[in-house]
Amino acid sequence: MSEPTARREPTAPGGPTAPRATYTHGHHESVLRSHAWRTVENSAAYLVPHLRPGLSLLDVGCGPGTITVDLAERLAPGRVVGVDAAAGIVAQAAELAAERGVENVEFVTADLYELPFDDDTVDVVHAHQVLQHVADPVGALREMRRVARPGGVVAVREVDYHGTVWAPESPGLDRWMEVYQQVHRGNGGEPDAGRRLKGWALEAGLEAVVSTASSWCFASDEERTWWGDSWAARATESAFHGDAIAKGVATDAELHAIADAWRAWRDAPDGWLLMPHGEIVARA
């Protein structure tokens with residue numbers, strides 16, 4: 001078993017030439033509420049067959065740590081480290097681990113282009129909903145490959161926004177998709193990362209790439225309320241709102257109309273929404 005060793009010191013965050021991107025969602029409460037819903041079961045089930053107690057794991061872009069802590073419980077006594085660029089979110093993740101009494105996990109503030117870990121030291125390197133938000137996903141995958149031990153696993157799951165489907169039909173949600181695509185790409189990311197993930201992995205030099213897919217589905221009254229309210233708030237209160245206006249993609253009135261469309265979908269008895277995800281498991 002290898003241990004992730006925090007020894008490698010980057011010369012500068014992201015290196016001198018690493019391309020930058022702006023995180024489209026920001027850290028509004030509506031966004032963090034969505035992130036905190038994620039677990040191994042609903043967001044990393046494809047990885048479970050590759051896990052066993054004693055393995056070490058690095059969770060890149062760990063956010064509030066819900067998936068990371070779940071993974072640590074499965075891998076104990078193996079060491080798990082979660083890294084994220086936002087120090088406040090790293091602190092929140094550490095609090096979650098303490099609340100759940102999980103002691104084989106730690107959280108570190110770091111840049112995914114310059115992970116502060118030695119080469120060839122981690123059994124599993126994992127990222128969930130990260131590469132869609134970076135300007136150089138292939139470079140990020142190469143960095144993940146660097147810290148994975150020879151024969152180790154690199155596992156990534158990314159949404160494909162254009163593949164999202166919903167019922168009933170909604171011109172307001174059609175407009176949401178148009179605005180979201182433009183804002184996300186305007187921030188330097190790729191909202192349809194799921195369909196590109198396999199190609200990125202091959203370009204990064206990963207081997208034995210196994211590509212699969214899974215989805216999130218929101219259909220029950222409870223699920224629609226949770227997801228619809230989350231996106232209604234994002235449309236009018238989060239960084240997405242300000243970005244859309246600043247980029248000239250949508251007006252404040254349009255964004256409020258999008259929020260109304262999300263609430264109408266939430267309240268529709270036949271409301272249903274599916275978000276597809278691409279997944280890869282590869283070898284370093």
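Each of Trp166, Trp226, Phe218, Phe240 was compared with Trp231 under the ring-ring contact (aromatic ring centres under 6.0 Å, His included) criterion, and only Phe240 meets it. Test Gln182, Glu178, His184 against Tyr180 for side-chain hydrogen bond (donor to acceptor under 3.5 Å, both in side chains) and you get one pass: His184.
Between Ala140 and Leu112, the shortest heavy-atom distance links the atoms CB-CD1, 3.6 Å. Residues Val209 and Ala282 approach most closely at CG2-CB, 3.8 Å, considering heavy atoms. Minimum interatomic distance between Asp123 and Ser56 (heavy atoms only, all atoms of both residues): OD2-N, 2.9 Å. For the residue pair Pro168 and Trp265, the shortest heavy atom distance occurs at CD-CD1, 4.4 Å. The minimum heavy-atom distance linking Ala72 with Val80 is given by the pair CA-CG2, 3.7 Å. Taking both residues in full, the closest heavy atoms of Met144 and Val154 are given as CE-CG1, 4.0 Å, listed atom of the first, atom of the second, then distance.
Residues Val147 and Asp120 form no side-chain contact, since every pair of their non-hydrogen atoms from C-beta on lies 4.5 Å or further apart. The closest side-chain heavy-atom distance from Thr121 to Arg149 is not below 4.5 Å. Taking 4.5 Å as the limit, some side-chain heavy atom of Val81 sits within range of a side-chain heavy atom of Phe117. Taking 4.5 Å as the limit, some side-chain heavy atom of Met177 sits within range of a side-chain heavy atom of Thr164. Here the side chains of Val105 and Thr68 are in contact, with some heavy-atom distance below 4.5 Å. In this structure, the side chains of Leu173 and Trp262 come closer than 4.5 Å at one or more pairs of heavy atoms. Under the 4.5 Å side-chain criterion, counting only non-hydrogen atoms from C-beta, Leu141 is in contact with Val156. Side-chain contact check for Lys247 versus Val179: every heavy-atom pair is 4.5 Å or farther apart.
Note that CD1 of Ile280 is 5.0 Å distant from CG of Leu197, once rounded to the nearest 0.5 Å. With rounding to the nearest 0.5 Å, the separation of CD1 in Ile67 from SG in Cys62 is 10.0 Å. Rounding to the nearest 0.5 angstrom, the gap separating the OG atom in Ser211 from the CG atom in Leu202 is 9.0 Å. Atom OG of Ser215 sits about 4.0 Å away from atom CG of Leu274, to the nearest 0.5 Å.
Using a distance-only test at 3.5 Å, with no hydrogens or angles considered, no donor-acceptor pair links the side chain of Ser43 to the main chain of Val40. Although no hydrogens or angles enter the test, the distance criterion places a donor-acceptor pair under 3.5 Å between the side chain of Glu223 and the main chain of Ala219. Between the Asn187 side chain and the Gly189 main chain, no donor and acceptor come within less than 3.5 Å of each other. With Asp267 contributing its side chain and Ala264 its backbone, the two residues share no donor-acceptor pair below 3.5 Å. The backbone N or O of Gly78 sits less than 3.5 Å from a side-chain atom of Asn104, completing a donor-acceptor pair. Judged by distance alone, with hydrogens and angles left aside, the side-chain atoms of Arg266 form no donor-acceptor pair with the main-chain N or O of Arg224 at under 3.5 Å. Side chain of Asp136 to main chain of Gly139: a donor-acceptor pair is present (N/O by atom type, distance under 3.5 Å, no hydrogens or angles). Of the possible donor and acceptor atoms, one in the side chain of Thr66 sits under 3.5 Å from a partner among the backbone N and O of Arg38.
Residues in residues 188-199 take part in these side chain to side chain donor-acceptor pair (under 3.5 Å) pairs, two or more places apart or across chains: Asp160-Arg195, His162-Asp192, Gln181-Asp192, Arg185-Glu190, Arg185-Asp192, Glu190-Arg196.
Residues satisfying the side-chain contact (heavy atoms from CB on, under 4.5 Å) criterion with Asp252, sequence neighbours excluded, are His241, Ile245, His256. Contacts of Ser214 classified as side chain to side chain donor-acceptor pair (under 3.5 Å), with partners at least two apart in sequence or in another chain: Arg157, Glu279.
Ion pair Arg74/Glu41 flagged as a salt bridge, since at least one NZ, NE, NH1 or NH2 atom sits closer than 4.0 Å to an Asp/Glu carboxylate oxygen. Taking a cutoff of 4.0 Å between a charged side-chain nitrogen and a carboxylate oxygen, Arg146 and Asp119 qualify as a salt bridge.
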Report the C-alpha separation of Trp216 and Trp37 in whole Å, then their side-chain angles, then the decisive distance to 0.1 Å, and conclude whether the ring-ring contact (aromatic ring centres under 6.0 Å, His included) test is met.
-> CA-CA 12 Å; Trp216 287 339; Trp37 164 80; 5.1 Å; yes
Under the side chain to side chain contact (heavy atoms under 4.5 Å, CB included) criterion, do Leu71 and His126 qualify, and how do the steps go?
-> CA-CA 10 Å; Leu71 290 166; His126 167 263; 4.2 Å; yes
Could you walk me through whether Val153 and Arg283 pass the side chain to side chain contact (heavy atoms under 4.5 Å, CB included) check?
-> CA-CA 5 Å; Val153 168; Arg283 296 290 171 180; 3.1 Å; yes
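Under the 4.5 Å side-chain heavy-atom criterion for ILVMFWY residues, a single connected hydrophobic cluster contains both Leu55 and Val48. Tracing side-chain contacts under 4.5 Å through hydrophobic residues (I, L, V, M, F, W, Y), one never reaches Trp272 starting from Trp176; they form parts of separate clusters.
Side-chain contact of His128 with Glu158: a donor-acceptor pair under 3.5 Å is absent, judged by distance alone.
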